[in-house]
Student: 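Below is one structure. I have some questions about it.
Heavy atoms only: backbone and side chains are in, while hydrogens, waters and symmetry mates are out.
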Amino acid sequence: MSIVVMKFGGTSVEDTAAIGRTAAIVAGRAASGKSPVVVVSAMAKVTDQLLRAASAASDGDRTGSLAISARLRTRHLDTAAELVKDAGEIATLTQFLNEEFDALDEVLRGLAVIHELTPRISDLIVSYGERLSSRIVAAAFRGQGIAAAHADAREIVITDAEFQKATPIDALIEKRAQEKLLPLIKAGKIPVMGGFIASSEDGLTTTLGRGGSDYTGALVGGALNAGTIEIWTDVDGIMTADPRVCPDALRVKVISFEEAAEMAYFGAKVLHPATILPAVRKNIPVLVLNSRNAACDGTRIISVAPHCKSPFKSIAVKRKLSIIDIVASRMLMSHGYMSKMFAVFDRRKCPVDMVSTSEVSVSLTVDTNASLPEIAADLSAMADVKYEGKKALICLVGEDIRGQNGIAAQVFNAIRHINVRMISQGASEINMSFMIDEDDADEAVRSLHAAFFQNPDPAIFDVEARKAASSS
Ligand code: ASP
Ligand code: MG
């Protein structure tokens, strides 16, 4: 029995057409002899709208909040009616959806009275997205002749009680997945469950943090020792650069976990870095695939990537950063100085991305953060502080830069017309990053891409697509 966990993002279940495509993809996997377990996100934009309803209610805007919920109710009911034709099935589903929305409206009304949105209530409200989408998808699959069985993610994915970003408890998830999912799979059923949502050991609804459905996919895949985890999204996979910036960008056919995690951290939106950890630990390959272009092979993320002739796999960009220069001629190298300085960032809950020091100064980069003026004020007791926004970090990732000479010279030669503010090569030795003005970012990406992806290794990159485009 070869289990494949198939996770479908919001755009893959956003409407009747998308759910229809998703059903065909799952049916195809089942027909090829695999045992799929399906994990779905909320329908596209639903999570944002639920959060908006929650904040409207807690601001006392009862009418506005209930109006958002009413629109969501219509959207879910309409999609269900379009997809599910069996009279008994649609009657049950409609009743379920109405009961869920009635319950949600009760919570929103209560919130409008108490005016206080706690993380726990926020998770409860936002959980409706996946609760509803997973039921609709399961019923729609049955309508397409797929033996789907809905499974409640909150009975399987058990976490601590840190609402809004709960930590999974692996041993419990393994036990629950084997108790709840394996019997379904063995009976020839295809379990369909919501991503992102979970519950604490006490049975309170929690969530894994925004974008957490990929994480659910990897957790369930790990718990069931799946053969593969497929992340179905709306792009062809991991690209050598953002195709909107660089029309020449190529699909990366295979990449290592470490490279993918590095890129995700540096702003490549395809995958959340933590999500692949449960897969890495169990050495389960993760495939990123496009539900709008199912024939494309996507990107395969594996433990050890094969050797690549090009030093880099991809160029990622993180924008909207600020740089902070701290100059303290007398105290900088004195004992305890760095820890006092970092304590200031910590107190303001401001994560630091990159650090570079000299004898008398420290430069740091942070996500543009509303608390920068306060941080600067706090630090001014210790040093002279300047900060500047609108910066971008360009990050080149590739395992094959390890131990190669002359790469840095090639990188900076390619962007010699651009002013570089800060440089770092991480301890992982698989990324090189540098900071420039945000306005220069697109130009830097294009120049680097032209320099490093002129003759891409056909074993690693989809060069066929480029050939097809240039000959047409
Ligand atoms: N629906 C959740 C979100 O939008 C989780 C996910 O889509 O992965 O953040
Ligand atoms: Mg997502």
Student: Quick check: are there more than 12 heavy atoms from other residues, nucleotides or ligands sitting under 6.0 Å from CZ of R300?
Tutor: no
Student: Using distance alone, with no hydrogens and no angle criterion, decide if Q164 and D123 have a side-chain donor and acceptor under 3.5 Å apart.
Tutor: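 No, no side-chain donor-acceptor contact under 3.5 Å.
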Student: Report the distance from atom CG of L132 to atom CG of L50, rounding to the nearest 0.5 Å.
Tutor: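 Result: 8.0 Å between the selected atoms.
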Student: Mind checking whether W232 and F8 have parallel, tilted or perpendicular rings, split at 30° and 60°?
Tutor: parallel
Student: If you compare all heavy atoms of L219 against all heavy atoms of P168, which two are closest, and at what distance to 0.1 Å?
Tutor: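 Smallest heavy-atom distance, with atoms named: CD1-CG, 3.7 Å.
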Student: Distance from R135 atom CZ to L93 atom CG, nearest 0.5 Å?
Tutor: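 It comes to 8.5 Å.
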Student: Out of curiosity, L250 CG to D462 CG, how far, rounded to the nearest 0.5 Å?
Tutor: 7.0 Å
Student: With no hydrogens and no angle check, just 3.5 Å: does a side-chain donor-acceptor pair link S303 and N283?
Tutor: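 The answer is yes; a qualifying pair exists.
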Student: Between D234 and N290, does any side-chain donor sit less than 3.5 Å from a side-chain acceptor?
Tutor: no
Student: Return yes when atom NZ of K45 has more than 12 non-hydrogen atoms of other residues, nucleotides or ligands closer than 6.0 Å, and no otherwise.
Tutor: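 Count not over threshold, so no.
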Student: So, D105 and S69: side-chain donor and acceptor under 3.5 Å apart, yes or no?
Tutor: yes
Student: Apply side-chain contact (heavy atoms from CB on, under 4.5 Å) to E162 and list each qualifying residue two or more places apart in sequence or on a separate chain.
Tutor: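 E162 satisfies side-chain contact (heavy atoms from CB on, under 4.5 Å) with D160 once adjacent residues are dropped.
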Student: Applying side-chain contact (heavy atoms from CB on, under 4.5 Å), name anything that partners T74, two or more places apart in sequence or on another chain.
Tutor: D78
Student: To check you understand the geometry: which heavy-atom pair defines the closest contact between S134 and M193, and what is its length?
Tutor: CB-C, 3.8 Å
Student: Not counting sequence neighbours, which residues clear salt bridge (Lys or Arg N to Asp or Glu O under 4.0 Å) with R131? List them please.
Tutor: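 Testing R131 for salt bridge (Lys or Arg N to Asp or Glu O under 4.0 Å), a comparison that skips the adjacent residues, returns E100.
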Student: Could you give the side-chain donor-acceptor pairs of residues 61-68 under 3.5 Å, partners two or more places apart or in another chain?
Tutor:
| unit_1 | atom_1 | unit_2 | atom_2 | d |
| --- | --- | --- | --- | --- |
| D61 | OD1 | G64 | N | 2.8 |
| S65 | OG | A53 | O | 3.3 |

Student: Under a 3.5 Å cutoff, is there a donor and acceptor pairing between the side chains of T159 and T206?
Tutor: yes
Student: Which pairs of donor and acceptor atoms, one on a side chain in residues 13-34, lie under 3.5 Å apart (sequence neighbours left out)?
Tutor:
| unit_1 | atom_1 | unit_2 | atom_2 | d |
| --- | --- | --- | --- | --- |
| E14 | OE2 | R292 | NH2 | 3.1 |
| D15 | OD1 | A17 | N | 3.3 |
| D15 | OD1 | A18 | N | 2.9 |
| T16 | OG1 | E82 | OE1 | 2.3 |
| T22 | OG1 | S12 | O | 2.6 |
| T22 | OG1 | A18 | O | 3.1 |
| R29 | NE | E230 | OE1 | 3.2 |
| R29 | NE | E230 | OE2 | 2.6 |
| R29 | NH2 | E230 | OE2 | 3.0 |
| S32 | OG | R29 | O | 2.8 |

Student: With a 4.5 Å cut-off on side-chain heavy atoms, are D325 and V385 touching?
Tutor: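 Contact flag for V385/D325 side chains = no.
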Student: Roughly how far, to the nearest 0.5 Å, is NZ of K282 from CG of D170?
Tutor: 8.0 Å
Student: Which pairs pass side-chain hydrogen bond (donor to acceptor under 3.5 Å, both in side chains) with one or both residues in residues 177-191, sequence neighbours excluded?
Tutor: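 Only K175-E179 qualify under side-chain hydrogen bond (donor to acceptor under 3.5 Å, both in side chains).
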Student: Okay, side chain of H449, backbone of V445: is any donor-acceptor separation there less than 3.5 Å?
Tutor: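 Such a contact is absent between H449 side chain and V445 backbone.
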Student: Quick one: CG on D353 to CG on L321, what's the gap to the nearest 0.5 Å?
Tutor: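 One finds 6.0 Å between CG of D353 and CG of L321.
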Student: Ignoring hydrogens and geometry beyond distance, is a side-chain donor-acceptor pair present between S200 and D202 at under 3.5 Å?
Tutor: no
